[in-house]
Amino acid sequence: MHYWLMKSEPDEVSIDDLAAMPKKTIAWFGVRNYQARNFMRDQMKVGDLAFFYHSSCPAPGIAGIVRVNKAAYPDASQFDGKSPYFDPKATRAAPRWLNVDVTLVKKTRLISLSELRATPELETMRVLQRGNRLSITPVTSQEWKIVERMATRLA
DNA sequence: GCCAACGTTGGC
DNA sequence: GCCAACGTTGGC
């Protein structure tokens with residue numbers, strides 16, 4: 001059982017978009033970074049929990065909690081010539097990119113990036129490290145508990 | 001729009 | 001295999 005933080009641009013898929021999906025479930029497609037892909041391929045298991053993080057937007061921060069409900073499988077968008085995530089070097093016999101499926105557990109209040117940064121116990125969080133750009137990062141169980149507690153409190 | 005930081009590409 | 005150039009991310 002691992003914990004994660006997964007970034008999404010709310011212009012593409014927001015926490016409310018996820019809540020509106022059938023079964024509140026989506027394929028986490030579009031990851032085009034090997035390290036993030038390898039996390040999904042090698043470490044993510046059905047039942048793992050993740051913070052859903054809004055990035056590249058006016059109010060970046062954690063917006064909810066999701067659960068992995070399907071292990072990594074080939075990302076269909078890599079084969080789609082019309083998709084911005086199309087990869088001409090990927091073939092169906094040798095797919096390059098994978099995604100998991102995630103299901104909404106709950107929407108939380110927005111825990112802003114500045115609030116995360118202002119919490120000394122979260123200094124070690126991977127997503128807060130200088131220069132971090134990974135769209136999927138591991139979260140320790142200690143970090144998870146602290147953020148979960150923050151989520152149930154008012155800002 | 002700026003820019004720091006990092007990842008990828010490709011020539012050698 | 002090195003590394004400069006280029007592209008991308010993502011907060012501000």
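Every chain is numbered from 1, with letters handed out A, B, ... down the list of sequences.
- Remark: P of dC12(C) and CZ of R117(A) are 7 Å apart, rounded to the nearest angstrom.
- Checked against a 6.0 Å centroid threshold, the rings of W4(A) and F52(A) do not count as neighbours.
- In terms of heavy atoms, R109(A) sits closest to M150(A) at NH2-O, 3.0 Å.
- Atom CE in M6(A) sits roughly 13 Å away from atom P in dG10(C) (whole-Å rounding).
- Between I136(A) atom CD1 and dC6(B) atom P the separation is 19 Å, expressed in whole Å.
- Side chain of Y34(A), nearest nucleotide from dT8(B), dG10(C), dC6(B): dT8(B).
- If you measure from atom CD of Q35(A) to atom P of dT8(B), you get 9 Å, rounded to the nearest angstrom.
- For K7(A) and dT9(C), the shortest distance from a side-chain N or O to OP1 or OP2 is not below 4.0 Å.
- Residue L134(A) contributes atom CG, which lies 7 Å from atom P of dG7(B) at whole-angstrom precision.
- Here dG11(C) presents its C1' atom at 15 Å from CG of D11(A), a figure rounded to the nearest Å.
- Note: CD (Q129(A)) to C1' (dT9(C)) measures 17 Å, nearest angstrom.
- Atom CZ of R67(A) sits in a sparse spot, with 12 or fewer heavy atoms from other residues, nucleotides or ligands closer than 6.0 Å.
- Between the P atom of dG11(C) and the CD atom of E9(A) lies a distance of 9 Å, rounded to the nearest Å.
- Between Y53(A) and the phosphate of dG11(C), there is a side-chain N or O to OP1/OP2 separation shorter than 4.0 Å.
- Under the 6.0 Å distance and 45° angle rule, K82(A) does not count as a cation-pi partner of F86(A).
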